[in-house]
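All remarks here apply to the structure that follows.
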2 protein chains.
Amino acid sequence: MAKRPADPTNGNVPAAHQVPMRDFSRSLPMSLLRAREAVMRQFRPSLREHGLTEQQWRILRALAAIEAAEVTELARTAFLLGPSLSRILRDLEARNLIERKTAKTDQRRSMVSISKEGVKLMASVAPTSEAIYAEITQRFGARKLAELQEMLGELEQSLAGLGAANEAGAEE
Amino acid sequence: MAKRPADPTNGNVPAAHQVPMRDFSRSLPMSLLRAREAVMRQFRPSLREHGLTEQQWRILRALAAIEAAEVTELARTAFLLGPSLSRILRDLEARNLIERKTAKTDQRRSMVSISKEGVKLMASVAPTSEAIYAEITQRFGARKLAELQEMLGELEQSLAGLGAANEAGAEE
DNA sequence: CGGAGATGCTTAACATGTTAAGTGAATGCG
DNA sequence: CGCATTCACTTAACATGTTAAGCATCTCCG
């Protein structure tokens, strides 16, 4: 309700009265967060109808294209941290959407794969999901979308290995 | 640790053996998530040293530029949901970083403002934070950064009001 | 062979995201 | 005025993000 014209400058920025910093609403993390939320807002209702969260869906999608994967590999693919993945896999397994079996060569590793039920669920969600993506693509423009993704990739690349500098000289 | 050349295609995509969908790693939400994480990874250590989380920092920044704000307004500015904000404000207040007092005209509203201590904390964090932002800007390119932000804003705009379609015809 | 260290994964603990429900205060309307 | 509705905010409940420990298993080197 009270849907204002979405003014990102907040209308009346009263000239930072204390600590001088960049305009808050224009920070890069904020822009990325807002953009992502705008996109995900489109998908969440559909996923919810199928009893899936965003992350569960990510995992199923990753598995559907990979046949079987180790947990660590899956974490990398679905871009989830180990602990999150661990919990989600436990739940998905309880719902019989995935299957798990320890590798024969290494008892530590476990191979995860999507189950028949999981595939069925995916098949029932995918059409809507694809339709939404198509709508987004059309609204924003396919060309621009490709450009945006390109820039995002470059951003990621340009920051890769920047945070690894704390391995030299930091005891604690 | 086995830092591969960051191949987003996962190297060996075995032609989706079940449900056909876009290449997972190239979905827009994923690109946005990865980009944002790459950026935030740079800031988190510094914030952590000062005992602040990303969201707490967002709130302090928003408050520092606004003098005082209602909770709802603050939620919009810091892009947080009400419940999250409610919890965080409770904690920040307990740490004396913010102050709160109910509005005289409307007992429901409460005005939030940053405290003297909060300002001090901000002042101690801001320099590092700005330095990191400058480094990111330099690495990625100021021009490109502006372009990226522009596109992100357009994306947000083009999706605004798309999710509001469920107000017509949906009883439950 | 054996034990120290590395590895793969899980648990734990705390903070936030997300949705729904609850609570007290203000509004509007008969 | 009375009372249902709306509003601003908080609580609750569950899922994930994030960091640190814990626990087997595996590797490697003496």
Side-chain angles (χ1 to χ4, degrees), chain A residues 1-2 29 33-34 36-37 40-49 51-59 69-76 78-95 98 100-112 163 166 172, chain B residues 1-3 29 33-34 36-38 40-49 51-59 69-76 78-95 98 100-112 163 166 172:
Chain A
M1 322 307 170
L33 180 59
R34 297 171 69 106
R36 185 177 140 81
E37 178 53 29
M40 284 315 302
R41 200 194 320 281
Q42 313 304 321
F43 290 98
R44 258 188 283 269
S46 163
L47 291 179
R48 186 172 172 72
E49 277 180 22
L52 287 176
T53 65
E54 175 192 335
Q55 292 81 358
Q56 294 168 347
W57 176 239
R58 286 221 297 273
I59 293 175
E70 299 172 12
V71 172
T72 300
E73 184 189 352
L74 188 54
R76 189 169 49 80
F79 208 67
L80 292 170
L81 293 180
S84 295
L85 183 53
S86 203
R87 283 178 303 215
I88 299 175
L89 288 181
R90 167 167 48 73
D91 299 347
L92 290 181
E93 189 175 23
R95 287 165 66 184
I98 65 164
R100 210 165 4 175
K101 57 185 172 187
T102 58
K104 327 130 207 22
T105 66
D106 189 336
Q107 297 289 86
R108 293 171 305 180
R109 302 165 194 271
S110 82
M111 304 302 293
V112 185
N166 50 355
E172 174 73 356
Chain B
M1 299 116 187
K3 204 167 248 182
L33 180 59
R34 297 171 68 105
R36 186 176 139 80
E37 178 53 30
M40 283 315 302
R41 200 195 320 281
Q42 312 305 320
F43 289 98
R44 258 189 283 270
S46 163
L47 290 179
R48 187 173 171 70
E49 277 181 22
L52 287 175
T53 65
E54 176 192 335
Q55 292 81 355
Q56 293 168 347
W57 176 238
R58 285 221 297 275
I59 294 175
E70 299 172 13
V71 172
T72 300
E73 183 189 352
L74 188 54
R76 189 169 51 78
F79 208 68
L80 292 169
L81 293 179
S84 295
L85 183 53
S86 204
R87 282 178 304 217
I88 301 175
L89 288 181
R90 167 167 48 73
D91 299 346
L92 290 180
E93 188 174 23
R95 287 163 66 183
I98 65 165
R100 208 162 9 173
K101 56 186 172 188
T102 58
K104 327 129 209 19
T105 66
D106 189 336
Q107 296 290 86
R108 295 172 303 181
R109 302 166 194 272
S110 82
M111 303 303 293
V112 185
N166 50 353
E172 173 74 354

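Below, chain A is the first sequence line, B the second, and so on; all start at residue 1. Scope of the values below: all heavy atoms of this structure, side chains included, with no hydrogens, waters or symmetry mates.
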query = Looking at B:M40, B:Q42, B:R48, which hits side-chain contact (heavy atoms from CB on, under 4.5 Å) with B:R44?
reply =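 In the set B:M40, B:Q42, B:R48, the residue that makes a side-chain contact (heavy atoms from CB on, under 4.5 Å) with B:R44 is B:M40.
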inquiry  = Exactly one of A:L80, A:V112, A:L92 should register a side-chain contact (heavy atoms from CB on, under 4.5 Å) with A:L85. Which one does?
reply    = A:L80
Are there any protein N/O atoms within less than 3.5 Å of an N/O atom in nucleotides 14-18 of chain C, and if so, which ones and at what distance?
residue, atom, partner, partner atom, Å
C:dT16, OP1, B:T53, OG1, 3.1
C:dT16, O3', B:Q55, NE2, 2.9
C:dG17, OP2, B:S84, OG, 2.7
C:dG17, N7, B:R87, NH2, 2.7
C:dG17, O6, B:R87, NH1, 3.0
C:dT18, OP1, A:R44, NH1, 3.0
C:dT18, OP1, A:R44, NH2, 3.4

Side chains of A:R58 and B:L33 in contact at under 4.5 Å (non-hydrogen atoms) =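 Yes; the side chains approach each other to less than 4.5 Å.
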request  = State, with a plain yes or no, whether a side-chain heavy atom of B:L74 is found less than 4.5 Å away from one of B:L89.
outcome  = yes
task = Return the nearest nucleotide to the side chain of A:R48; candidates are C:dT19, D:dA8, C:dG8.
result =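 Of C:dT19, D:dA8, C:dG8, C:dT19 is nearest to the side chain of A:R48.
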What is the separation between atom [atom1] on [X] and atom [atom2] on [N], rounded to the nearest whole Å?
X: B:L89; N: D:dT11; atom1: CG; atom2: P; result: 11 Å
X: A:L74; N: C:dG8; atom1: CG; atom2: C1'; result: 14 Å
X: B:K101; N: D:dC9; atom1: NZ; atom2: C1'; result: 19 Å
X: A:D106; N: D:dC28; atom1: CG; atom2: P; result: 12 Å
X: A:R109; N: C:dT10; atom1: CZ; atom2: P; result: 13 Å
X: A:R90; N: C:dG8; atom1: CZ; atom2: C1'; result: 17 Å
X: A:R108; N: C:dC9; atom1: CZ; atom2: C1'; result: 10 Å

message = Just verifying a value: how many Å separate B:M111 CE and B:R100 CZ, rounded to the nearest 0.5 Å?
response =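 It is 12.5 Å, given to the nearest 0.5 Å.
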note = Residues B:R41 and B:P45: closest non-hydrogen pair is O-CD, 3.2 Å
key: Contact under 4.0 Å: A:R100 side-chain N or O vs C:dT10 OP1/OP2   =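 For C:dT10, OP1 or OP2 has a side-chain N or O of A:R100 closer than 4.0 Å.
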